[in-house]
Amino acid sequence: MSISKKEQLSEKQLAILESEMQKYKKSVGLAYVLWFFLGSLGIHKFYIGDSKKGLLYLILGIVGWISILAGGGIALISQSNRGGFLAIIGLICIIALGIMLIIDLFTIPRQINNAYQKNEDKLIDQLLSSQPNDK
């Protein structure tokens, strides 16, 4: 948060800022619950507001599990290693996803704070740009 920018706001703009920022408050507890139950789908990332990473988690999770199941199914049906490559690709996706989820375990509070600060800075810039220059 830029304190110098925030000091430039009028009382009315500060009230607007405080009111608007209520929309961006996120619960760390809820983020951890989403991480625990739906982390492999990236739902906690969508909740935090990081849609790009949420989509990455979703793709890795879906591709990983489908590849593992399909590769294992092919190997069972053909009774050979024909599905092994597909299963390895799936395993690589799941391992990458698992590493990212472990990192999230320790960084969710910071991620929520960073998203909040980013939204606050953006809103302060909007308020300052709409402010008349006769101050």
Side-chain angles (χ1 to χ4, degrees):
M1 165 179 58
S2 175
I3 295 174
S4 63
K5 284 185 177 182
K6 206 170 185 180
E7 289 173 348
Q8 297 174 16
L9 297 176
S10 67
E11 290 297 320
K12 182 179 178 182
Q13 289 172 322
L14 283 172
I16 292 170
L17 176 66
E18 190 63 35
S19 170
E20 288 295 313
M21 289 310 296
Q22 293 298 320
K23 297 176 188 176
Y24 297 107
K25 287 194 176 181
K26 305 291 181 188
S27 166
V28 173
L30 179 56
Y32 275 117
V33 168
L34 292 172
W35 171 87
F36 185 78
F37 290 107
L38 301 169
S40 63
L41 298 176
I43 302 302
H44 66 292
K45 289 296 206 178
F46 289 111
Y47 173 72
I48 291 171
D50 194 353
S51 299
K52 289 179 183 176
K53 281 192 182 170
L55 189 58
L56 175 64
Y57 282 45
L58 182 63
I59 291 169
L60 283 174
I62 290 173
V63 168
W65 287 115
I66 288 175
S67 297
I68 287 173
L69 294 174
I74 291 170
L76 284 175
I77 290 170
S78 67
Q79 295 181 353
S80 68
N81 283 341
R82 289 181 47 182
F85 179 73
L86 194 57
I88 289 172
I89 295 297
L91 188 60
I92 290 169
C93 289
I94 295 300
I95 289 172
L97 178 62
I99 291 169
M100 291 188 294
L101 286 170
I102 290 170
I103 291 169
D104 284 346
L105 175 63
F106 299 104
T107 62
I108 283 177
R110 183 178 46 193
Q111 291 176 38
I112 290 174
N113 188 42
N114 289 344
Y116 184 84
Q117 294 301 323
K118 182 179 167 186
N119 288 322
E120 185 177 59
D121 288 342
K122 186 167 58 170
L123 190 55
I124 288 172
D125 288 339
Q126 288 174 354
L127 288 169
L128 287 174
S129 67
S130 68
Q131 182 176 6
N133 291 334
D134 60 349
K135 210 173 176 189

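One hydrophobic cluster holds both V28 and F37 under the rule that ILVMFWY side chains link at heavy-atom gaps under 4.5 Å. Tracing side-chain contacts under 4.5 Å through hydrophobic residues (I, L, V, M, F, W, Y), one reaches Y57 starting from F106; they form part of the same cluster. In the hydrophobic cluster analysis, where Ile, Leu, Val, Met, Phe, Trp and Tyr join through side-chain heavy atoms closer than 4.5 angstrom, L101 is grouped together with I112. Two different hydrophobic clusters hold I89 and I62 under the rule that ILVMFWY side chains link at heavy-atom gaps under 4.5 Å. I74 and I88 are members of different hydrophobic clusters when ILVMFWY side chains are connected at heavy-atom separations under 4.5 Å.
Counting only distance, with no hydrogens or angles, the side chain of N119 and the backbone of A115 share a donor-acceptor pair below 3.5 Å. Using a distance-only test at 3.5 Å, with no hydrogens or angles considered, no donor-acceptor pair links the side chain of S19 to the main chain of A15. For S130 (side chain) and L127 (main-chain N/O), a donor-acceptor pair under 3.5 Å exists by modelled atom type. Judged by distance alone, the side chain of T107 and the main-chain N or O of R110 form no donor-acceptor pair under 3.5 Å.
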List the steps, then state whether side chain to side chain contact (heavy atoms under 4.5 Å, CB included) holds for S51 with F46. CA-CA 5 Å; S51 299; F46 289 111; 4.1 Å; yes

Go through the steps to decide whether E120 and Y24 satisfy the test side chain to side chain contact (heavy atoms under 4.5 Å, CB included), and finish with yes or no. CA-CA 9 Å; E120 185 177 59; Y24 297 107; over 6 Å; no

Evaluate Q126 against K122 for side chain to side chain contact (heavy atoms under 4.5 Å, CB included), listing each step before the verdict. CA-CA 6 Å; Q126 288 174 354; K122 186 167 58 170; 4.2 Å; yes

Between M100 and L56, does the side chain to side chain contact (heavy atoms under 4.5 Å, CB included) criterion hold? Intermediate values first, please. CA-CA 10 Å; M100 291 188 294; L56 175 64; 4.2 Å; yes

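Across every non-hydrogen atom of S67 and G90, the tightest pair is CB-CA, 3.5 Å. Y32 and P109 get closest at one heavy-atom pair: OH-CD, 3.2 Å. Heavy atoms only, all atoms of each residue included: I94 and L60 are closest at CD1-O, 4.3 Å. The two residues V63 and C93 come nearest to each other via the heavy atoms CG1-SG, 4.0 Å.
Q22 CD: more than 12 foreign heavy atoms inside a 6.0 Å radius. Other residues, nucleotides and ligands place no more than 12 heavy atoms under 6.0 Å from the NZ atom of K53.
At least one side-chain heavy atom of E20 sits less than 4.5 Å from a side-chain heavy atom of I16.
Under 4.0 Å is where a charged nitrogen must lie from a carboxylate oxygen, and between K5 and D121 no such pair does.
Distance check, rounded to the nearest 0.5 Å: NZ of K12 to CG of L14 gives 12.5 Å. Here CG of L123 is found 5.0 Å from CG of L17. Values are rounded to the nearest 0.5 Å. Note that CG of D104 and CD1 of I48 are 6.5 Å apart. Values are rounded to the nearest 0.5 Å. Considering NZ of K6 and CG of L128, their distance stands at 12.0 Å, rounded to 0.5 Å. In this structure, the separation between CG on L105 and CZ on F36 is 10.5 Å, given to the nearest 0.5 Å. Taking NZ from K45 and CG from L55, the interatomic distance works out to 13.0 Å, rounded to the nearest 0.5 Å.
Of the residues listed (L38, L34, V33), the one engaging H44 in a side-chain contact (heavy atoms from CB on, under 4.5 Å) is L34, and it is the only one.
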